[in-house]
Amino acid sequence: SRLRARVCSKLPHASLFTIITCLQVLRPRRTKVMSFFRPLSIGVAACVAASVISSGSASVEDPLLVADDECQAAGSDTEREQCAVSALQRHGLKVHAEAEAARSNVTESTVCAILDDPRNSDCKSVVNWVAFGGGKNDPQADKWFKDMVTITGVDYHQAGREDFQRLYYCAPPGGKACATPPCTCSKPPCDMCLAGQKPASSRKICADNPDSAIACKPPFNPMAYKGMEWPTIIIEGTKEQHIFAIGDWGGMDGSLNPIEGRPHIIAYTWGARAGPSVFPRTRWDMHHKVELCSHKQFIECFNSHGGSSECPDSCGYVAGVDDQPQQLVASAMAERAALMDPGLILNVGDNFYWGGIEKTCGTPMGEISFTAHHQFDQVYEQVYKGPGLDGKPWFSVLGNHDWGGRQFNNGWDQQIAYTWVSDRWVMPAPYYMARVEYVDQGFSVDLFMADTNFNDAKESSEDSEHNICGSAHNPPGATCGVIGGPVSVETCVAYFQQLWSEQKVWLQKKLSESKATWQIVVTHFPCGEDGENQAFYRKLHQDYGLDLLVTGHRHDQELWLGTDITRNFMGGLTCIITGGGGGISSEATPNPHDTMDWYGEGEYGFYDIAIDKYSLNIESINYDGKVLKSARVYPYAR
């Protein structure tokens with residue numbers, strides 16, 4: 001306690017900020033560190049604030065002086081410790097940055113520096129050339145600086161050197177990135193990568209009930225709303241009601257200028273175009289024993305649109321389909337939405353290939369990075385729109401590729417954060433629930449949105465190309481621990497196993513409490529992949545009344561009837577796999593005359609579920625709008 005007192009009395013606030021930041025560096029000794037700071041965790045924050053107040057940069061009403069109870073809701077001691085570490089760092093960052101902001105026009109999140117700073121050596125020459133050496137007048141300038149207004153708020157013709165430094169910090173054309181944002185610019189704050197940051201969500205629920213935190217207020221970390229219930233969706237009217245389901249739909253954003261030294265998300269020669277481009281996946285036979293088309297061969301199919309001798313017939317490449325499946329499925333979806341007017345969309349994940357949002361985890365939950373903004377705009381907002389889709393909630397979960405595909409530290413948290421800047425994207429946590437009330441027809445649905453990515457979390461040395469926890473592609477020291485995600489490669493498997501274990505308890509509890517007419521579970525991994533050879537899902541159906549399981553991951557369309565006893569051992573539970581959204585190439589050729597390697601009724605498509613009080617009528621919709629298969633489901637008697 002005497003040392004704590006000396007810390008507060010002797011060190012300036014900048015040093016205190018450094019100590020608080022060191023809590024993250026000392027992550028392996030978190031328990032010992034927290035045992036030191038926990039008794040005065042609020043006092044440390046108050047101490048930091050007091051040092052700033054003494055310099056006149058904060059008022060006596062500074063919220064850091066008020067007891068922060070955000071960590072009291074955390075469950076175990078470990079969770080409270082992790083939350084406290086995160087809270088202390090945020091408080092330190094805030095106080096330190098407020099003092100810095102008095103001397104510059106930057107915001108709280110990043111330390112600025114002039115272009116001549118050694119850290120900006122990679123970008124200095126190109127920024128100077130652009131600003132002073134004729135780069136603005138280059139014939140390619142319109143293409144290079146297409147993101148300028150979005151990022152800086154000024155057109156590149158009127159931009160100054162600092163504005164270009166900001167561009168090259170946020171989305172560097174050509175990859176020569178600046179390490180820091182500028183300290184001055186035309187449209188501050190200069191360290192923000194969206195000059196016109198999208199305003200907070202204008203959901204109706206927030207106007208009617210502003211205290212509805214889960215819908216209206218970003219959490220302190222992406223795990224804070226785990227297991228919570230989204231505000232009830234009210235659907236009025238007596239017409240036939242519909243729900244759409246889609247998955248594995250988000251292609252590569254080839255027009256993104258990546259940050260952090262990452263490569264462009266381009267797999268073939270014409271992949272740099274605006275909008276989504278499908279990821280070409282190796283094709284195998286049905287039993288996954290014979291490789292029909294290697295990744296290299298498939299890329300040749302894409303490069304030549306099927307016209308190369310290096311694109312063998314065994315690839316099953318169908319020009320006009322395999323090269324634009326997301327667009328075809330989206331078009332069929334829009335056409336049907338205009339007729340059926342679905343009340344909501346169920347999204348089973350793998351929303352952005354190859355590795356989700358292409359940045360490292362850790363962006364504050366109240367911010368959307370330019371990378372996330374660009375990927376959402378190109379792959380989601382500009383693709384799924386029109387009558388029947390505009391403004392409809394997309395209840396979403398994370399797929400393995402959203403976590404990073406071959407790593408766990410990509411920007412999965414930004415997909416959660418997008419919930420609070422969108423009027424339709426819903427993903428407040430990795431798992432949560434929602435109630436839908438059809439008030440004029442006297443029935444309701446409880447949706448249980450679950451994360452089953454433990455299925456792709458394997459020991460670090462295993463299956464490097466299909467392992468979230470693998471050591472081959474996770475960078476050294478990879479961690480998302482400060483925001484509640486996996487702490488390290490070594491603890492990654494246990495993290496995802498624990499995440500699933502807590503959901504199993506949660507699902508049984510919430511299903512047992514449900515009074516809704518229908519109970520539907522939505523998750524990424526396919527029918528039956530529950531870690532218990534389908535026994536857990538069978539239990540949810542037979543003991544708790546689960547009516548429908550909606551899944552994806554396998555890149556096709558499969559309607560599993562309760563009577564499909566050759567593969568469905570879930571006690572009669574109906575399940576769909578809707579992994580044919582088109583973000584990645586299908587499991588088998590989409591050629592309808594060559595179906596020997598098909599697992600289901602189609603390769604690219606989505607599902608349309610007509611719902612009323614008495615039954616669900618499930619229709620599998622092909623990418624060309626044709627109905628491939630249908631089934632009727634009745635509420636399971638509990």
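Each residue takes its place number in the sequence, starting with 1.
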Flag the pair F376 / F352 as yes when their ring centroid distance falls below 6.0 Å, and as no otherwise.
yes
Under the rule for side chain to side chain donor-acceptor pair (under 3.5 Å), what residues qualify as partners of K392, not counting sequence neighbours?
D341
Residues in side chain to side chain contact (heavy atoms under 4.5 Å, CB included) with S331, at least two apart?
none
Tell me, please, which residues at least two apart from R554 pass salt bridge (charged side-chain N to carboxylate O under 4.0 Å, His left out).
E558
I'd like to check the salt bridge (charged side-chain N to carboxylate O under 4.0 Å, His left out) partners of D547; sequence neighbours left out, ordered by chain and number.
none
Pairs meeting criterion ring-ring contact (aromatic ring centres under 6.0 Å, His included) with involvement of residues 426-455, two or more places apart:
Y431-W506, Y438-F443, F454-W500
My understanding is that only one of D597, D322, D594, D313 makes a salt bridge (charged side-chain N to carboxylate O under 4.0 Å, His left out) with R283; could you say which?
D322
Looking at S586 and E603, would you say the former's side chain and the latter's main chain have a donor-acceptor pair under 3.5 Å?
no
Hey, could you give me each pair passing salt bridge (Lys or Arg N to Asp or Glu O under 4.0 Å) that has a residue in residues 242-261? Not counting sequence neighbours.
E260-R262
Whether N303 side chain and Y268 backbone form a donor-acceptor pair below 3.5 Å:
no
So which of F244, F606, W394, Y604 actually passes ring pair (Phe, Tyr, Trp, His ring centres under 6.0 Å) with W249?
W394
Test salt bridge (charged side-chain N to carboxylate O under 4.0 Å, His left out) applied to R406 - qualifying residues, sequence neighbours left out:
E465
Side chain to side chain contact (heavy atoms under 4.5 Å, CB included) filter on Q297, not counting sequence neighbours, yields C293, S294, P312, C315
So, using side chain to side chain contact (heavy atoms under 4.5 Å, CB included) as the criterion, who are the partners of N455 when residues are at least two apart?
T452, F525, E529
Can you pull out every ring-ring contact (aromatic ring centres under 6.0 Å, His included) where at least one residue sits in residues 306-344? Sequence neighbours excluded, please.
F302-Y317
Under the salt bridge (charged side-chain N to carboxylate O under 4.0 Å, His left out) test, which residues partner D564, sequence neighbours left out?
R567
Please identify each residue that fulfils side chain to side chain contact (heavy atoms under 4.5 Å, CB included) with W284, with sequence neighbours left out.
T282, H288, E291
